Amino acid sequence: MLLQGKKILIGVTAGIAAYKIPLLVRLLKKAGALVQVVQTPASLDFVRPIVLSTLSGNPCPSEFSSESGDWNSHVDMALWANLIVLAPLTANTLAKMANGLCDNLVLATYLSAKCPVLFAPAMDLDMYAHPTTKKNIDMLKSFGNTEIPAETGFLASGLEGEGRMAEPETIYKAILAKFSTGYLDGKTILINAGPTYEAIDPVRFIGNRSTGRMGIALAEEAAALGAKVYLVLGPSAIHVENPNILVKRVESAKEMYTLCTDIFPEVDAAILSAAVADFRPKNQSKQKIKKELGAADIALEMNPDILKTLGERKQHQVLIGFALETNDEIANAKKKIANKNLDYIVLNSLNDKGAGFGYLTNKIQIIDKQNKIYDFELKAKTELAADILNTVFQHEV
Ligand code: CTP
C-alpha cells in the first residue's frame, strides 16, 4: 500500500470545512499512514482536537506549549513529516504563508518543513476570486507547494460558487499521487470516454448507451500511477474529481475531435475508449421540430474518426483504441489496428455476458500490432483498467 508507514502532518486552519478533516484522517489511517494533526487556535471553533487526536492516535496541539509545560516543537513535527497538508487553508493563513509570517504553530511548522506541501484553499467565492488571493496562491506554488484547487458548490455564506474546500476523497487522492512512484510518473496521457450526443434539434439527439465508466477507470488508474491525465469526456453522469485529471467535458463527436487532436501532440500516449457516434444529423434545427410536421426523415453525415486521425498524426505516442464487436471479433479488431495505425486495441464483445455498456464489469482481450493476444477474465472495470495499463505501458513507455 502506497501510504503504509508514511508520515503525514495535517495543518487545520479556521474554515468551516475543518469539520470534514476527521474524514480525511480516517481515510489516511485506513491506508496505513501515520497522521499528526496541528491546529490554529481559531480553528478550534470548527473542529475539536479530541476528535482529531482520537482518530489520528496522536495529540493534536494548537499552541507552542501544552498546559503541562511541554514544548510542542514545530521543528520536530516539520522534520518528522514526509508530507504536509494544509486543509482547509483560509485566505488569512494563505496570505501569511505567502509572506513568511509565523504567529502560530501551524505556520511555524510549515515554515520549518523540508518535505512537499499540499494546500487546499477554502473560503467564500469573492475572497477566492480576489486578485490578492490569486497572487498568494501563485506565490505558494512558485515555492514548490502544490495546490488542491477549491471546488464549486454551496458555501457556508449561503452563496454558491468556487471556493469550497476540495472533498476529503479528493485531498486523499492528491496525497496518494504525491507518494506515487508508479511507472507513469512524468508521463502525460490523453483518454477519451463516454458517449457523444449528436443534436437533431435543441431537445433531441442521437446518442448511445456508453456510461464512460471504463475510460474514467483508466483515467483514475493512470493518475494513481503518476501520470498527468487529460480526460475528454462525453455526456456521462459520472462525476470525476481528481487533481491529476484534467477533465474536459464535451457533447458532440466534433467537439471531442477538436480537443483530442489539439491535446495529442503533447502527450506520451492516447487511449480512445469513447463510444463516438459514427454519424450525425446533416442539419441541426435551431428550433425544436414540431410534431405537426409529421415524422421527419433525418439525413445523416459521417463524423470524423478521431482515432484514425490520431493514428495518421502519430509520432512518438503509443496509441490504444477500443473495439466493440458483435461478430468476427478478433478479425475485425485486427483490421482496426491496421486501418487506424494502432499499437494496441482493447476488444470487447457484446456476446460476453456482463461485458460492455452499463455494466460495472467487462471482459476484454488486448491485441498488439504484432497480433499477440492477451486474454483477461470477466472482472471489474477498475481492475481491468490496471490490466490494460500494465499490458501496454510495462512494454512501451
Ligand atoms: N472511434 C473514433 N472516432 C469515431 C469512431 C470510433 O475515434 N468516429 C474510435 C473509438 O473510440 C474506438 C475505435 O475507434 O477506440 C473503434 O470504435 P468502434 O465503434 O468499435 O469502430 P468503428 O471504427 O466506429 O467501426 P465500426 O462501427 O464499423 O465497427
Side-chain angles (χ1 to χ4, degrees), residues 189-199 205-219 222 229-236 248-265 267 269-282 300-314 317-352 355-358 362-369 373-374 381 384-385 388-389 391-392:
I189 300 184
L190 164 66
I191 297 174
N192 73 5
T196 63
Y197 286 178
E198 310 300 325
F205 61 84
I206 296 173
N208 60 63
R209 297 178 199 278
S210 166
T211 58
R213 192 168 272 119
M214 188 69 241
I216 291 169
L218 279 162
V229 179
Y230 287 100
L231 175 64
V232 180
L233 184 58
S236 161
K248 311 251 180 199
R249 288 267 179 182
V250 294
E251 200 165 285
S252 67
K254 250 180 160 176
E255 289 166 358
M256 194 175 263
Y257 173 88
T258 306
L259 273 175
C260 290
T261 49
D262 279 357
I263 296 167
F264 189 58
V267 301
I271 310 178
L272 272 67
S273 70
V276 185
D278 289 319
F279 311 102
R280 62 169 177 259
K282 204 166 182 178
L300 300 175
E301 63 184 359
M302 292 291 287
N303 267 325
D305 189 320
I306 306 169
L307 184 58
K308 192 161 194 292
T309 308
L310 300 192
E312 285 157 7
R313 298 184 186 178
K314 191 169 84 168
Q317 295 92 341
V318 183
L319 187 58
I320 302 115
F322 270 66
L324 180 64
E325 305 291 343
T326 54
N327 56 290
D328 300 326
E329 290 92 337
I330 300 235
N332 282 331
K334 283 181 181 172
K335 260 192 231 157
K336 282 178 189 166
I337 295 184
N339 291 344
K340 304 194 188 194
N341 192 21
L342 310 181
D343 297 288
Y344 294 88
I345 198 151
V346 180
L347 166 65
N348 39 110
S349 163
L350 274 189
N351 296 324
D352 288 319
F357 294 159
N362 205 2
K363 185 166 184 323
I364 60 162
Q365 290 175 300
I366 300 177
I367 308 175
D368 70 16
K369 59 184 175 202
I373 300 178
Y374 305 79
K381 287 182 176 171
L384 282 173
I388 294 169
L389 295 173
T391 307
V392 170

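Just so it is clear, the model here is predicted, and its values are computed rather than measured. Remember, it's 1-based here, ligands and their atoms both numbered in the order they're listed.
A salt bridge does not link Lys335 to Glu325: none of the charged side-chain nitrogens sits closer than 4.0 Å to a carboxylate oxygen.
Heavy-atom separations between Met302 and ligand 1 are all 4.0 Å or longer. The shortest heavy-atom distance from Pro304 to ligand 1 is under 4.0 Å.
Short contacts between ligand 1 and Leu324, defined as distances under 4.0 Å to a heavy atom of the residue, involve ligand atoms 20 (O). For ligand 1, the atoms sitting less than 4.0 Å from at least one non-hydrogen atom of Val276 are 2 (C), 3 (N), 4 (C), 5 (C), 8 (N), numbered in the order shown with element in parentheses.
Nearest protein heavy-atom contact of atom 29 (O) of ligand 1 is Lys336 NZ, 2.9 Å.
Looking at Ser273, Ala274, Ala323 and measuring to atom 10 (C) of ligand 1, the nearest heavy atom belongs to Ala274. Selection from Asp278, Asn332, Ile271 by nearest heavy atom to atom 27 (O) of ligand 1 gives Asp278.
Between Ala193 and Gly215, the shortest heavy-atom contact is CB-CA, 3.7 Å.
Looking at Ala275 next to ligand 1, no N or O pair under 3.5 Å apart turns up.
The environment of NZ in Lys248 is sparse: at most 12 heavy-atom neighbours from other residues, nucleotides or ligands sit within 6.0 Å.
Checking atom 19 (O) of ligand 1 against the protein gives no heavy-atom contact under 4.0 Å.
Each of Ile191, Val250, Ile216 was checked for a side chain to side chain contact (heavy atoms under 4.5 Å, CB included) with Leu233, and the lone residue meeting it is Ile216.
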